[in-house]
**Student:** 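Before anything else, here's the structure in question.
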Amino acid sequence: MQSQFVKVFMGKKDFDCSEIENAKKNLIAKVNEIVRKCPRALIIFDEIHDMCPSVLDAIKPMLDHHHAVDGIDYRDCIFIFISNIGGPEIASNLLQLYSQGIKRNEVEFHHFEPIIRRTSYYTGGFEKSSTIAQHLIDHYIPFLPLEQHHVEMCALAEFHSLGVYHPTDVMMEDALSIITYGPTEDKPIFANNGCKRFTKHIPYVIQKYRPKNEL
């Protein structure tokens, strides 16, 4: 991620909708600059659910199958678009797959691609975008909701990163207490808030249960 040939654009931070045409020009110029130096550059657009719908239209020619655009070949460049769009629909579809006997680790892209493509076309940075309409996105990859054992693995990883390799059962219980499960109280299958809160809560847990002679 520290490479000069990896560029991350962030939703509202980089595109606040106030000057759309300038935003498009700046976007094209920045991507051109990177790819001209490195044809295999990695361009990431995060939080596209917060982006203005028309901004991403500016890079549509770069995503198409042209040999070159303004003298630059983009065919080896990788574009990644990250979004929260379609989260509830993905979870609902996963529940339906469960009911059909399909396990989480058995799902395929085709189970979710139509959902993600459809919701992306009506929301956020790709709203009514010709990029989607003309099938220029190669893969639609779902971020599947986490189950309890995934959350426990997240907690252990966070403990390990802070030098605690064998947290006690009480420490794990305290760490996991901030996680709620859904989609309903009757079906507590998926974590509602993922693992992000562990980064702030687990240091508190470690301090809370640290032996006094180590303070």
**Student:** Measuring only between side-chain heavy atoms, which start at C-beta, is Phe15 closer than 4.5 Å to Asp50?
**Tutor:** no

**Student:** Is there a side chain to side chain contact (heavy atoms under 4.5 Å, CB included) between Phe79 and Ile44? Walk through the geometry before answering.
**Tutor:** CA-CA 6 Å; Phe79 291 86; Ile44 302 171; over 6 Å; no

**Student:** How about Asn22: does its CG atom have over 12 heavy atoms from other parts shown lying under 6.0 Å from it?
**Tutor:** yes

**Student:** Is there a side chain to side chain contact (heavy atoms under 4.5 Å, CB included) between Glu47 and Ile82 once you walk through the steps?
**Tutor:** CA-CA 6 Å; Glu47 299 182 352; Ile82 304 174; over 6 Å; no

**Student:** State, with a plain yes or no, whether a side-chain heavy atom of Glu113 is found less than 4.5 Å away from one of His110.
**Tutor:** no

**Student:** Which atom names give the shortest non-hydrogen contact between Met51 and Gly11, and what distance separates them?
**Tutor:** CG-CA, 3.6 Å

**Student:** Can a donor-acceptor pair be found, under 3.5 Å and without considering hydrogens, that links the side chain of Ser92 to the backbone of Pro88?
**Tutor:** no

**Student:** Any chance you could lay out the side chain to side chain contact (heavy atoms under 4.5 Å, CB included) test for Phe9 and Ile48, step after step, and finish with the verdict?
**Tutor:** CA-CA 9 Å; Phe9 294 97; Ile48 65 169; over 6 Å; no

**Student:** Nearest 0.5 Å, what's the NZ-CG distance between Lys30 and Asp14?
**Tutor:** 10.5 Å

**Student:** Indicate the atoms forming the closest heavy-atom contact of Pro183 with Leu95, along with that distance.
**Tutor:** CG-CD1, 3.4 Å

**Student:** With side chain to side chain donor-acceptor pair (under 3.5 Å) as the test, would you mind laying out the steps for Arg75 and His67 before giving the verdict?
**Tutor:** CA-CA 7 Å; Arg75 290 176 296 176; His67 176 74; 2.8 Å; yes

**Student:** Can you label the angle between the Phe45 ring and the Phe81 ring as parallel, tilted or perpendicular, going by 30° and 60°?
**Tutor:** parallel

**Student:** Is there a side chain to side chain contact (heavy atoms under 4.5 Å, CB included) between Met171 and Ile202 once you walk through the steps?
**Tutor:** CA-CA 9 Å; Met171 293 172 71; Ile202 287 181; over 6 Å; no

**Student:** If I take atom OG1 from residue Thr119 and atom CD from residue Glu127, how far apart are they, to the nearest 0.5 angstrom?
**Tutor:** 12.0 Å

**Student:** Using the rule that Ile, Leu, Val, Met, Phe, Trp and Tyr join whenever any side-chain heavy atoms are under 4.5 Å apart, tell me whether Met62 and Val6 fall into a single cluster.
**Tutor:** no

**Student:** For the residue pair Arg117 and Ile132, establish whether any side-chain heavy-atom pair is separated by less than 4.5 Å.
**Tutor:** yes

**Student:** Say you draw a straight line from CD of Gln134 to OG of Ser129; how long is it, rounded to the nearest 0.5 Å?
**Tutor:** 8.5 Å

**Student:** Do the non-hydrogen side-chain atoms of Pro142 and Phe109 ever get within less than 4.5 Å of each other?
**Tutor:** yes

**Student:** Rounded to the nearest 0.5 Å, what separation is found between the CG atom of Leu136 and the OG atom of Ser130?
**Tutor:** 7.0 Å

**Student:** Just by modelled atom types, is the Asn84 backbone N or O under 3.5 Å from a matching donor or acceptor in the His49 side chain?
**Tutor:** yes

**Student:** Are Ile85 and Tyr122 packed together at the side-chain level, in the sense that at least one heavy-atom pair is separated by less than 4.5 angstrom?
**Tutor:** no

**Student:** Do you know which two heavy atoms are closest between Ile34 and Lys7, and how far apart they sit?
**Tutor:** CD1-CB, 3.3 Å

**Student:** More than 12 foreign heavy atoms under 6.0 Å from NE2 of His166: is that the case here?
**Tutor:** no

**Student:** Indicate the atoms forming the closest heavy-atom contact of Gly182 with Asn192, along with that distance.
**Tutor:** N-OD1, 3.4 Å

**Student:** Any donor-acceptor pair under 3.5 Å linking the side-chain atoms of Gln100 with those of Gln96?
**Tutor:** no

**Student:** Would Ile115 and Ile141 show up in the same hydrophobic cluster when neighbours are defined by side-chain heavy atoms closer than 4.5 Å?
**Tutor:** no

**Student:** Give, for atom SG of Cys195 and atom CG of Leu146, the distance between the pair rounded to the nearest 0.5 Å.
**Tutor:** 5.0 Å

**Student:** Any idea which heavy atoms bring Phe5 and Lys37 closest together, and the distance?
**Tutor:** CE2-CB, 3.7 Å

**Student:** Would you say that more than 12 heavy atoms from the other residues, nucleotides or ligands in this model lie under 6.0 Å from the CG of Asp76, or not?
**Tutor:** yes

**Student:** Find out if a path of hydrophobic residues (ILVMFWY) with successive side-chain heavy-atom gaps under 4.5 Å connects Ile59 to Ile80.
**Tutor:** no

**Student:** Between His201 and Tyr204, what is the ring plane arrangement, given parallel below 30°, perpendicular above 60°, and tilted in between?
**Tutor:** tilted

**Student:** Please round to the nearest 0.5 Å and tell me the distance separating atom CZ of Phe126 and atom OG of Ser54.
**Tutor:** 12.5 Å

**Student:** Met10, Leu42: one ILVMFWY side-chain cluster at the under-4.5 Å cut-off?
**Tutor:** yes

**Student:** Do Thr131 and Tyr121 have side-chain heavy atoms sitting under 4.5 Å apart?
**Tutor:** no

**Student:** Just so I know, are the side chains of Arg40 and Ile78 near enough to count as touching, which here means a heavy-atom distance under 4.5 Å?
**Tutor:** no

**Student:** Take atom CD of Glu106 as the centre, draw a 6.0 Å sphere, and report whether it contains more than 12 heavy atoms from other residues, nucleotides or ligands.
**Tutor:** yes

**Student:** So, for His160 and Tyr165, which heavy atoms are closest and what is the spacing to 0.1 Å?
**Tutor:** NE2-O, 3.4 Å

**Student:** Should we say atom CD of Glu173 is surrounded by more than 12 heavy atoms from elsewhere, each under 6.0 Å from it?
**Tutor:** no

**Student:** Is any side-chain heavy atom of Phe190 closer than 4.5 Å to a side-chain heavy atom of Leu144?
**Tutor:** no

**Student:** Count I, L, V, M, F, W, Y as connected when their side-chain heavy atoms are under 4.5 Å apart, and connections chain through other members. Are Leu176 and Ile189 then in the same cluster?
**Tutor:** no

